[in-house]
Amino acid sequence: MSRSYYIAGNWKMHKTRSESAELARALVDQLKDGKHTYLAAPSFTSLETVGAIVKGTNIRLGAQDCACEEQGAHTGEVSVLQLKDLGVQTIILGHSERRHTYKEDDALINKKVKLALQYGFEVILCIGELLEEREAGKVEAVCETQTVKGLEGVTAAEMANVVIAYEPVWAIGTGKTATPEDAEAVHAFVRKVLARLYGAELAEKVLIQYGGSVKPENAAQLMAKENIDGALVGGASLKPETFVPIAKFV
Ligand code: PEP
């Protein structure tokens with residue numbers, strides 16, 4: 001089964017609108033001959049600006065989160081309706097910063113996943129263990145729980161719009177990367193969990209990105225692994241000099 005590669009940039013809480021526009025323009029220009037699928041996920045405040053620049057190109061527009069309700073009295077939240085209106089195609093959910101800094105649990109993330117899918121978005125569901133969980137031998141247990149609970153109630157048909165991102169928390173923004181072998185072992189395990197949930201044929205089609213200090217120097221080795229289908233990139237996505245070589249690893 002040959003899956004395509006999907007390279008996503010999570011710009012996190014960086015860049016003003018003009019800085020976002022500058023990066024988006026550079027990516028459009030430098031990735032126009034890129035062979036893979038790409039995503040730019042700027043801050044909410046830059047979505048409209050970046051959306052206008054990437055429209056009609058090979059770069060998808062992503063949001064970094066959404067509210068778990070459609071609309072209403074939810075001060076500070078951003079809804080799927082508002083994201084649709086901005087032309088957002090993909091929503092990153094369950095990022096480790098949402099899970100650990102903002103205490104989002106699997107039930108909340110699952111609610112967001114189902115709502116986003118109901119509104120026709122592609123979802124990148126992030127999973128991954130903390131360092132102490134890895135050291136305690138709980139990598140598989142944590143990733144299994146986050147996958148199963150995150151996807152609870154998601155139908156096989158909806159899975160066509162789900163991407164999983166395995167992001168070991170200890171590797172995010174730390175400069176430490178999982179070895180390609182360690183990452184591959186978790187990706188293969190997650191695919192087995194997906195096969196149990198949805199059957200082997202469907203599981204073979206799901207893209208599983210790796211995230212955690214992906215850099216131009218390590219992208220190709222990671223991507224060479226059978227079950228690693230792309231990358232979710234944080235720090236290195238903020239500059240074309242570092243994102244483009246990752247995006248064009250081959
Ligand atoms: C991320 O936040 O999704 C991420 C992988 O960050 P970084 O690439 O900076 O480790």
Side-chain angles (χ1 to χ4, degrees), residues 5-15 19-20 23 27 31 36-44 46-47 50 59-66 88 90-104 109 112-113 116 122-131 133-134 139 142-143 146-147 150 162-180 182-184 186-187 190 207-223 225 227-249:
Y5 286 105
Y6 187 2
I7 317 290
N10 171 11
W11 301 359
K12 306 196 183 183
M13 198 175 70
H14 293 287
K15 299 192 183 288
E19 291 164 346
S20 298
L23 175 56
L27 294 181
L31 291 179
H36 311 304
T37 304
Y38 305 115
L39 174 92
S43 290
F44 291 129
S46 291
L47 280 170
V50 172
I59 304 175
R60 298 173 65 85
L61 183 66
Q64 300 170 17
D65 193 20
C66 70
V88 167
T90 302
I91 308 180
I92 299 170
L93 292 169
H95 189 275
S96 77
E97 286 143 24
R98 300 303 320 167
R99 288 180 188 270
H100 300 293
T101 314
Y102 295 98
K103 309 294 175 216
E104 292 195 7
I109 293 162
K112 294 182 178 190
V113 166
E122 173 182 77
V123 164
I124 298 180
L125 172 63
C126 304
I127 61 165
E129 80 286 356
L130 297 162
L131 183 58
E133 291 167 333
R134 174 161 281 260
V139 176
V142 170
C143 291
Q146 292 178 350
T147 304
V162 173
V163 173
I164 306 287
Y166 168 58
E167 300 205 298
V169 182
W170 49 271
I172 296 181
T174 58
K176 290 184 201 151
T177 318
T179 64
D182 282 348
E184 167 65 14
V186 181
H187 283 230
V190 172
L207 299 186
I208 308 179
Q209 297 172 325
Y210 168 78
S213 299
V214 176
K215 305 180 251 263
E217 305 81 62
N218 59 25
Q221 294 98 295
L222 286 159
M223 266 16 116
K225 293 291 178 192
N227 287 286
I228 302 183
D229 309 312
L232 180 52
V233 185
S237 72
L238 296 173
K239 290 186 189 156
E241 306 89 271
T242 43
F243 188 70
V244 171
I246 296 171
K248 290 185 167 176
F249 70 96

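Ligands are counted one by one from 1 in listed order, and the atoms in each one are counted from 1 as well. Computed from heavy atoms alone, side chains included, the values below leave out hydrogens, waters and symmetry copies. All figures in this text were calculated on a predicted structure; none of them were measured in a lab.
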Can you measure from CG (L222) to OG1 (T179) and round to the nearest 0.5 angstrom?
->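 Answer for the CG-OG1 pair, L222 versus T179, is 8.5 Å.
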I91 side, atom CD1; K112 side, atom NZ - distance, nearest 0.5 Å =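 It is 9.5 Å, given to the nearest 0.5 Å.
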Specify the protein heavy atom at minimum distance from [atom]: its residue, its atom name, and the distance to 0.1 Å.
{"atom": "atom 1 (C) of ligand 1", "answer": "H95 NE2, 3.2 Å"}
{"atom": "atom 3 (O) of ligand 1", "answer": "E167 OE2, 2.7 Å"}
{"atom": "atom 2 (O) of ligand 1", "answer": "K12 NZ, 2.5 Å"}
{"atom": "atom 9 (O) of ligand 1", "answer": "G235 N, 2.8 Å"}

Ligand-residue contact atoms, ligand 1 with G173, heavy atoms, under 4.0 Å =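 Within the 4.0 Å cut-off of G173, ligand 1 contributes 7 (P), 9 (O), 10 (O).
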Give the atoms of ligand 1, by number and element, whose distance to some non-hydrogen atom of L232 is under 4.0 Å.
->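 In order of number, 3 (O), 5 (C).
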Counting distance only, does the side-chain N/O of [X] pair as donor-acceptor with the main-chain N or O of [Y] below 3.5 Å?
{"X": "T37", "Y": "I7", "value": "no"}
{"X": "K239", "Y": "A236", "value": "no"}
{"X": "Q146", "Y": "G128", "value": "yes"}
{"X": "N227", "Y": "V190", "value": "no"}

Any N or O on [X] sitting closer than 3.5 Å to an N or O of ligand 1?
{"X": "T174", "result": "no"}
{"X": "G234", "result": "yes"}
{"X": "A236", "result": "no"}

Would you say A171 touches ligand 1, if touching means a heavy atom closer than 4.0 Å?
->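 Yes, A171 has heavy atoms under 4.0 Å from ligand 1.
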Determine, using heavy atoms of G212 and all atoms of ligand 1, whether some pair is separated by less than 4.0 Å.
->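 Checking ligand 1 against G212, which is what was asked, there is a heavy-atom contact under 4.0 Å.
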For the side-chain contact (heavy atoms from CB on, under 4.5 Å) test, which of V163, N10, D65 pairs with I92?
->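 Among the candidates, only N10 passes.
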Sole residue of L125, I124, V123 in side-chain contact (heavy atoms from CB on, under 4.5 Å) with I164 =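 Only match with I164 under side-chain contact (heavy atoms from CB on, under 4.5 Å): L125.
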